[in-house]
Amino acid sequence: MLSNSHDFVRPADTAERAYLESLVRADYDESHPGETFDDMKSRMSFSREDQGLYRDWIALAVARAETARASRPSPVAA
């Protein structure tokens, strides 16, 4: 999944950012041996590649969050 650098997710607050990161952190760590999600985040300030990777992973997290929301049963009005 590639992201457009002009169209990326901006979490509303730190709680939302932490939630989104939690949805992809383990997958990132598993797919990048010897490196962690936090390693990538720490390089973002000086690496455009890591900025792009972060955007892509957060875009994936948003898609996962939307899928989880859609799969929840709707509340039934009484």
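No hydrogens, no waters, no symmetry mates; every other heavy atom, side chains included, goes into these values.
No donor-acceptor distance shorter than 3.5 angstrom exists from the side chain of D56 to the backbone of L53, with no hydrogens or angles considered. Judged by distance alone, the side chain of S31 and the main-chain N or O of D27 form a donor-acceptor pair under 3.5 Å.
With sequence neighbours excluded, the residues satisfying side-chain contact (heavy atoms from CB on, under 4.5 Å) with R48 are Q51. By the side-chain hydrogen bond (donor to acceptor under 3.5 Å, both in side chains) test, S42 is found to be paired with no residue, residues two or more places apart in sequence or in another chain being considered.
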task = Test R64 against L60 for side chain to side chain contact (heavy atoms under 4.5 Å, CB included), laying out the working first.
result = CA-CA 6 Å; R64 287 180 176 177; L60 173 61; 3.8 Å; yes
message = Using side chain to side chain contact (heavy atoms under 4.5 Å, CB included), reason through W57 and L20 one step at a time and then give a plain yes or no.
response = CA-CA 9 Å; W57 281 95; L20 292 173; over 6 Å; no
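Taking 4.5 Å as the limit, every side-chain heavy atom of M44 sits out of range of all side-chain heavy atoms of R55.
A salt bridge links E21 with K41; the closest basic N to acidic carboxylate O contact falls under 4.0 Å. Using a 4.0 Å cut-off between charged side-chain N and carboxylate O, R25 and E30 make no salt bridge.
In this pair, Y54 and F37 present their aromatic rings tilted. The plane angle is within the 30 to 60° band.
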